[in-house]
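Per chain, numbering begins at 1; letters A, B, ... match sequence-line order.
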Amino acid sequence: MAKTFYISTSIPYVNAAPHIGHALEFVQADSLARFARQYGKDVFFLSGTDDNALKNSQAAEVAGVPVKKWVDNHSAIFQKLLAELNISNDDFIRTSSEKRHILGAQKLWSSCRQEDIYKKKYSGLYCLGCEEFKQEKDLTDNECPEHPGKKLELVEEENYFFKLSNYQKQLEEIISTDKLKIIPESRKNEMLSFIKSGLDDFSISRSRERAKDWGVFVPGDDDQIMYVWFDALANYITALDYADDGEKFNKYWVRGDEIIHIIGKGINRFHSIYWPAMLLSAGVTLPKTIFIHGYLTIGGQKISKTLGNVIDPFEVIKKYGSDATRYFLLRETPSDGDGDFSYAKFEERYNADLANGLGNFASRVLTLGEKLGKLAAVEIDQKTADAIESARKLVTDRITDFKIHDALAAIWELISYGDKYVNDHKPWSADLAEVEKQKIIFNAAIILDNISALLQSFLPVAADKITSSICWASDDILELRKLEILFPRLDSQNMHGLH
RNA sequence: CGCGGGGUAGAGCAACGGUAGCUCGUCUGGCUCAUAACCAGGAGGCAGUGGGUUCAACUCCCACCCCCGCAACCA
């Protein structure tokens, strides 16, 4: 039986439209999922939206739109982005309005050990304007900076708490022994030192009033709504029909061979500490791997609505295409670190790697091939065979290590080898016999075919086009067909202008 | 205060106790099949600063300086 491979993106909250940073995570997860499929694994790839976050209701209110309508609209935009980026997710879960999720989240809650969930009175200064509790340090002159003049109220509320402290030792053991792999290492160390500094219990509910009736009810207590993280994290199993102990849940999670969450660095703590603790308490299998990617800056600056430097991924896709967008995000950003987006860098990469590199190589090989007509299969040069083999191995190794950017670099080395091969052998030369030319082009075609196969997980559209223009007319006759320009070179006319 | 990351050719990055490499850009030559693409070669770095250890440091140690995160919008 094929090994199972479960991978999830985080579920973003939908208080606003997605920006380019969301696209990064989707594309990374997608290439890992596609790669696993290509290697015959039984893949389940999940994405979704966190509809229940308080920020959603706040945003809806500011816009004067009912929450449900707001989250419906915005969740749809995220789904549209997935489609435009060619993300191959098998399912998409929404934490509101989906029975499987609501029942599942409640089941998870109820399954937690009784002694891990307790009620505690909490009192704090509540800002009616922000509708949230404020810490002393957040205040200026005892007033909320956002709502000066509005009096803060001392609110006392009873909430449920999760006894995280019960799991301190266990979590430390699981993480330090890599039973739960946290990648990269620096993120693992971060979590270990966080654990060592002592784990505080955390609130897992809020009053219905404060949550404005939006969210998942705490089972058996209609006055309380689950803290959004309890609810949101549960999506990873509720989507698999955890509520019904469904087949998918058993196959991909309980008996799953690989279970990966891919997330941004800002939510590592929730995934590496809270989530495993909740699962331990509920007696549910843990995920195996948490992969943490970095953040994107825009021209060296943090993404910020205030600065107005948010990049709309739809615009990028529209201008350069989905493959180019995927390529830039995957190649320019070290997959386990931060990256930077700018149109200047984007276009530089585009021209150098996609137009001049991949596109041009495909074009020259296919054009030469079409002119020659049928190509008889011949033995591949040893050097060429080695180059292909080495590229394959490098790509596999690097993907296994979550080094997506390095995997792509290995593919481009093969492209470069191909260019050199063609240059060195000069298949256009008049001195060469037809048979010789055919041999050379056949070798080049095999290189191209392998490049295309390796690109499948990363640039699916281009890879399909290349593959479909390399055809076996019979077992030992290859025919190449010229291809439209894959990535038109950008010149000053159609460059982005302002860099 | 503190914590974490970082300061290496024009830009982005890498490696290593003992000739400092890669990609992009740039210059020159070659080629002309290909998207003015491709191939080859060159120029370009006193390695943030100051000390120390060592036969030898960019690489180890110490001090200092600077940048970026760790408060908000924000993955």
When we call it a touch if two heavy atoms are under 4.0 Å apart, what does A:Tyr13 touch: a base, just sugar-phosphate, or nothing? sugar-phosphate

The side chain of A:Ser363 is closest to which nucleotide in this list: B:A75, B:C24, B:U35? B:U35

Reference residue A:Asp336; test side chain to side chain contact (heavy atoms under 4.5 Å, CB included); the match among A:Lys403, A:Arg187, A:Lys265: A:Lys403

For A:Asn356, report the nucleic acid contact type (base, sugar-phosphate, nothing); a contact means any heavy atom under 4.0 Å. sugar-phosphate

Atom CD1 of A:Ile415 and atom C1' of B:A37 are separated, to the nearest Å, by 14 Å

What does A:Leu296 touch in the nucleic acid at a heavy-atom separation under 4.0 angstrom: a base, only the sugar-phosphate, or nothing? base

Students often get this wrong, so: under 4.0 angstrom with heavy atoms, is A:Lys371 touching a base, only sugar-phosphate, or nothing? sugar-phosphate

Under 4.0 Å between any heavy atoms, over every strand shown, what does A:Leu486 touch: base, sugar-phosphate, or nothing? Just pick one. base

What's the closest nucleotide to the side chain of A:Asn15 if the choices are B:U35, B:A37, B:A75? B:A75

Within the structure shown, what part of the strands sits under 4.0 Å from A:Ser416 by heavy-atom distance: base, sugar-phosphate, or nothing? sugar-phosphate

Indicate, with a heavy-atom threshold strictly under 4.0 Å, whether A:Gly359 touches base, sugar-phosphate, or nothing. base

Considering every strand and a 4.0 Å limit on heavy-atom distances, what is the contact class for A:Thr367: base, sugar-phosphate, or nothing? sugar-phosphate

